[in-house]
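Per chain, numbering begins at 1; letters A, B, ... match sequence-line order.
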Amino acid sequence: MAIQVLMPALSPTMTEGTIANWMKTEGDKVVSGDVLCEIETDKATMEVEAVDEGVLGKILIAAGTESVAVNTPIAVILEEGEDTSATDSFTTAPASTPEPAAVASIAATDATEPEYTGSTTEMTVREALRDAMAEEMRTDDTVFLMGEEVAQYQGAYKVSQGLLEEFGDKRVIDTPITEHGFTGLGVGAAFGGLKPIVEFMTFNFAMQAVDQIINSAAKTLYMSGGQMGAPMVFRGPNGAAARVAAQHSQCYASWYAHIPGLKVIAPWSGEDAKGLLKAAIRDPNPVICLEHEIMYGQSFAVPDDPDFVVPIGKAKVEKSGSDVTIVAFSICVSYALDAAARLAEEGIDAEVINLRSIRPLDIDTIIQSVQKTNRLITVEEGWAACGIGSEIAAQMMEAAFDFLDAPVHRVAGEDVPMPYAANLEALALPNADKIITAAKAVSYAA
Amino acid sequence: MLISKRVSIRLTEIIDDAGRAHDVVHVNHPGDIMAIKPKSRPKRAARKKPAAKKAVPIATNDELLSYYKDMLLIRRFEEKAGQLYGMGLIGGFCHLYIGQEAVVVGMQATAGKNDTVVTSYRDHGHMLACGMDAKGVMAELTGRQGGYSKGKGGSMHMFSREKNFYGGHGIVGAQMPIGTGLAFASKYKGDGGVCHAYCGDGAINQGQIYEAFNMASLWDLPVIYVIENNKYGMGTSIERASAVTELYKRGESFGISGAQVNGMDVLEVRAAAEEAAAWCRAGKGPYILEMKTYRYRGHSMSDPAKYRTKEEVSKVRSESDPIELLRDKIAAARAAREDELKDMDKEAKAIVTAAAEFSQQSPEPDPSELYTDVLVDA
C-alpha cells in the first residue's frame with residue numbers, strides 16, 4: 001500500500017510552508033531517518049525525515065513551491081514490490097484539516113485618530129516589529145536588544161531577523177537561559193543610562209523575572225522621588241499560541257496592567273506592532289509589549305514613514321457600528337472583526353475597538369462608543385476573574401452606568417488551565433461564535 | 001585549588017607628609033586573607049592569584065584620618081537613627097550598619113569617578129560613604145520632603161544619580177543583577193566605571209545572584225561583588241543557611257576569582273578593593289570579595305537578637321571593632337593626638353545633630369506628591 005507523505009507542521013503555529021529542496025529523487029530508496037526534503041517555514045528551514053521505508057514513488061509538490069498548506073500530500077512512498085501506477089490516484093488536495101483561525105478581512109472604516117495617509121508596505125507583524133527595533137536602534141545608540149536566541153539564531157520566532165548583522169553583537173545580545181538574571185541586568189543597564197529592549201521568548205518565562213519587572217523597573221522612579229527610573233521595553237509573545245498547553249499559554253495583560261509605573265501595550269496589526277513598539281522604545285518608562293505568536297506571520301499594510309508612531313494610551317476604532325460595542329486587544333481583535341462581519345449579516349451593527357494599550361487604558365473611547373451603542377462586550381484570552389474586561393466593566397459602571405441598556409458581557413478564556421487536546425483548547429479560548437452569542441445576549445436578540 | 005594562607009606580623013616604616021618616620025604594626029591573622037583561583041575555566045588559567053601576595057597595606061596619615069572620619073560619621077549617624085526610631089520619628093524597617101563601617105569606607109577609598117554603587121536595604125553607611133548628604137539621608141528616614149526620595153522611598157530605597165549611588169533595594173538579592181547591569185552599561189559606554197555590588201551572607205543564597213555571576217563572567221563585566229558576611233542572615237547563622245560557608249568561593253564554578261578579607265580592617269579592605277578594581281579595569285571581568293564583618297545591632301530595629309549571645313557581640317566589640325582598630329593604627333603612626341581625635345568625634349556628632357534637626361524640621365511631603373513620579377511624561 002503506497003504511503004502519502006504529508007506537509008508537516010513544524011511549529012505549533014505553522015499553517016503553511018515552502019518546499020525548499022528535495023534531497024531524494026523519484027525512484028530513490030528511502031529508509032526511516034533519511035532526509036526527504038527541506039521545508040522553509042516563517043521561522044526556519046527544517047529537514048523532513050522519512051518515517052517509512054520504501055521507494056520514493058512520486059514527488060507531488062515540486063521544490064520551490066511556496067505556501068504549501070500543512071497536511072497537503074507532498075510525495076508518495078511505495079512499499080517493496082509496488083510499482084509507480086500505485087501513485088496515480090494521489091493528488092495534491094490538502095487532507096481535511098481544521099480551518100486555521102479566521103482572520104478578519106474587514107478594513108478599518110472609522111478611527112478617532114487621524115488616519116496615516118503616507119506610503120505603506122505589506123509585511124508581517126514579525127517584520128513590522130523587527131523594523132521598529134531597527135529604526136530606533138539606528139537613531140539611538142543606547143538602544144540594544146537582549147534575550148534568549150535573539151542574535152545568532154535570529155530570534156526564536158524570527159522577530160530579530162537581521163539585527164545581529166546590522167548592529168553587531170554589542171547591541172544584539174544572546175543571553176543564557178536566565179530570565180531573572182538578565183531582566184535584573186537590563187534594569188541595571190537602564191539605570192545606567194541605556195535603553196534596553198529585553199525579549200522574553202514568551203511572557204510565560206517572564207514570571208521568573210517578575211520581581212525585577214515590578215519591584216525594580218516599575219517602582220524605582222517613585223521610590224527615588226523622580227531621580228531615576230528604568231526606560232526600557234520588555235517584549236515577547238503573550239497569550240495562547242497553539243497546542244502548547246497550560247504553562248505556555250497564558251495572557252498576562254491584567255497582571256502587568258495592575259502595576260502603577262508600568263505601561264502595557266498589546267499590538268494586533270502590523271501598523272500597531274510597528275507604531276506601538278517604536279513609541280515604547282522612545283518612552284522614558286518601562287513598557288511591557290505583549291505580542292502574539294499567531295499574529296507574527298500575518299500580513300498588514302504597514303506605514304513606511306520612520307516617524308510614524310502609535311501613541312501609547314490611545315485605542316483605535318477598527319470598525320464603526322451603532323448597535324453594540326466589542327472591545328478587544330491583540331489576536332482577539334481578529335475574532336471581534338470576524339464576529340462583527342457575521343453579525344452584520346444578521347442585522348446587528350457592531351463597533352469594534354482595538355485597545356492597543358492596556359495601561360493607560362483609553363476609557364474615553366470606550367465610553368464614547370457605549371454612549372452610542374449602549375451595549376458592551378469585552379474580549380480577551382485571559383481569564384475573566386480580575387481581568388481586563390472586569391476592569392472595563394467596573395469603569396463603565398462608574399462612568400457610563402446610565403448609558404448601558406444591558407449588563408457588560410465578558411468573553412474571556414474559560415476558567416481552567418489551558419488544555420492540550422485540540423478540541424478542549426478550542427473550547428477554552430474566545431472565538432467569533434462566543435462573541436456573536438454575547439452580542440445577541442446584550443442585544444436581547446434570539 | 002590554590003589557597004594561600006599566611007600569618008604575618010610586620011613592622012613597616014612609613015614617612016608621613018611632614019617627613020616624619022613612623023612605625024606601624026600590621027598583623028594578619030590566619031584566614032584573614034585567602035585567595036582562590038578557580039581551575040574550572042581553562043581560558044582564564046593565566047589569571048593571577050589575587051590579594052594574597054600584596055604587601056601589608058599601609059596608608060598615609062591623611063588617609064588614616066580620612067577613613068576614621070568617614071567611619072565615625074557612619075557610626076554616629078546610625079546611633080542617631082536608632083534613637084530617632086525609638087522616638088517614633090522613623091517608621092517601618094530600619095537596618096543599621098554599626099560594626100560594618102570599615103567595609104564600605106575601605107571600598108570607597110578606591111572608587112573612581114565613574115564607579116557605581118548598589119546595595120541592599122542596609123544602606124545608610126553606603127550612602128554616606130558615597131558622599132551623600134547626611135541631612136538628605138536622615139530626612140528620608142523620617143519621611144520628609146527634604147529626603148533624597150522626597151520621603152517616598154524611606155530607609156531601604158534611596159538613590160543619588162549625582163553620587164553614582166543606585167540604591168537602596170528592598171528585595172534581598174535583587175541589587176546584584178542590577179549592579180551587573182550597571183557594569184554592563186559602563187562597559188557598553190566605555191566610561192571605565194566599575195560597579196560595587198554589595199550583598200549580605202543571607203542574600204548570597206538567592207538564585208538570581210548566580211545568574212548574574214554567570215553573565216558577568218561570560219561577558220567580562222567590570223563588577224566587584226562585595227559580600228558583607230556579618231555571620232547572620234536576619235536570625236539565621238551562616239552555618240545554618242549555607243552548605244559552603246566560604247563565600248568567596250561562590251564564583252568558582254563561573255570562573256570568578258574571589259578573596260576573603262578581614263572586613264574589620266579598613267586598610268585590608270582597601271587593599272583588596274584595589275586589587276579587585278585593577279582586575280576589573282584591566283577587562284578581566286568580575287571579582288568577588290567576601291568581607292568578614294559583624295553587625296552589632298539586630299537585623300532591624302525590631303530584632304531582639306536572641307540567636308546570638310551578648311558575650312559574642314561584646315567580644316567582637318572589644319577585640320575587633322573597626323573604628324578602634326583604626327584608632328590603634330592612628331596612634332601607632334602618631335597620625336593624630338588624642339584631642340584631635342576627640343575633635344573629629346565632635347565634628348561627626350555635629351553633622352549628625354544637624355541632620356537629625358533637619359530631618360524633623362523638613363515638612364512632610366505635600367499631598368500632591370502622592371501622584372508624582374509614577375511615570376515620566378513621555
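- For chain A, no part of B/Asn164 is nearby; none of its heavy atoms comes within less than 4.5 Å.
- Only the backbone of A/Thr142 comes within less than 4.5 Å of a heavy atom of chain B; no side-chain atom from C-beta onward does.
- B/Thr116 does not touch chain A: none of its heavy atoms, backbone or side chain, sits under 4.5 Å away.
- Among the candidates B/Asp377, B/Leu221, B/Leu370, the residue making the largest number of heavy-atom pairs closer than 4.5 Å to chain A is B/Leu370.
- Both the backbone and the side chain of A/Leu221 come within less than 4.5 Å of a heavy atom in chain B.
- A/Ser357 and A/Asp362 are not linked by any side-chain donor-acceptor pair at a separation below 3.5 angstrom, with hydrogens and angles left out of the test.
- In terms of non-hydrogen atom pairs under 4.5 Å with chain B, the most contact-rich of A/Ser224, A/Gly226, A/Gly192 is A/Ser224.
- Looking at A/Ile173, the atoms closer than 4.5 Å to chain B (heavy atoms on both sides) all sit in the side chain, from C-beta outward.
- For chain B, the nearby parts of A/Gln227 are the backbone and the side chain; heavy atoms of each come within less than 4.5 Å.
- With a 4.5 angstrom heavy-atom cutoff, B/Thr372 touches chain A only via backbone atoms.
- The greatest number of non-hydrogen atom pairs below 4.5 Å with chain A, out of B/Ala185, B/Gly170, B/Gly147, B/Ser186, is found for B/Ala185.
- With hydrogens and angles left out, the side-chain atoms of B/Ser155 and B/His95 include no donor and acceptor closer than 3.5 Å.
- Interface remark: of the candidates A/Asp211, A/Val187, A/Thr175, A/Ile177, A/Asp211 forms the most heavy-atom pairs closer than 4.5 Å to chain B.
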Item to check | A/Lys316 and A/Glu271: CA distance, side-chain angles, deciding distance, salt bridge (charged side-chain N to carboxylate O under 4.0 Å, His left out) verdict | outcome: CA-CA 11 Å; A/Lys316 182 181 179 189; A/Glu271 174 185 313; 3.5 Å; yes
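- With a threshold of 4.5 angstrom between heavy atoms, B/Ile171 approaches chain A through side-chain atoms but not through N, CA, C or O.
- With respect to B/Arg122 and B/Glu228, no salt bridge is recorded, no charged nitrogen being found less than 4.0 Å from a carboxylate O.
- Using a 4.5 Å cut-off between heavy atoms, B/Ile209 makes no contact with chain A at all.
- At a 4.5 Å heavy-atom cutoff, B/Glu140 makes no contact with chain A through either its backbone or its side chain.
- We find that B/Arg250 and B/Glu290 are not joined by a salt bridge, their nearest charged nitrogen and carboxylate oxygen being 4.0 Å or further apart.
- Judged purely by distance below 3.5 Å, without hydrogens or angles, the side chains of B/Tyr225 and B/Thr180 pair a donor atom with an acceptor atom.
- Of the listed residues B/Met176, B/Glu162, B/Lys189, B/His169, the one with more heavy-atom pairs under 4.5 angstrom with chain A than any other is B/Lys189.
- Between the side chains of A/His258 and A/Arg359, no donor-acceptor pair of N or O atoms lies under 3.5 Å.
- A donor atom on one side chain and an acceptor atom on the other are not found under 3.5 Å apart for A/Arg356 and A/Thr365.
- No cation-pi contact links A/Lys170 to A/Phe144, judged by a cut-off of 6.0 Å to the six-membered ring centre and 45° from its axis.
- In this structure, B/Asp373 pairs ionically with B/Lys150, as a charged nitrogen and a carboxylate oxygen lie closer than 4.0 Å.
- For the set A/Lys263, A/Met228, A/Glu179, A/Arg171, the entry with the most heavy-atom pairs within less than 4.5 Å of chain B is A/Met228.
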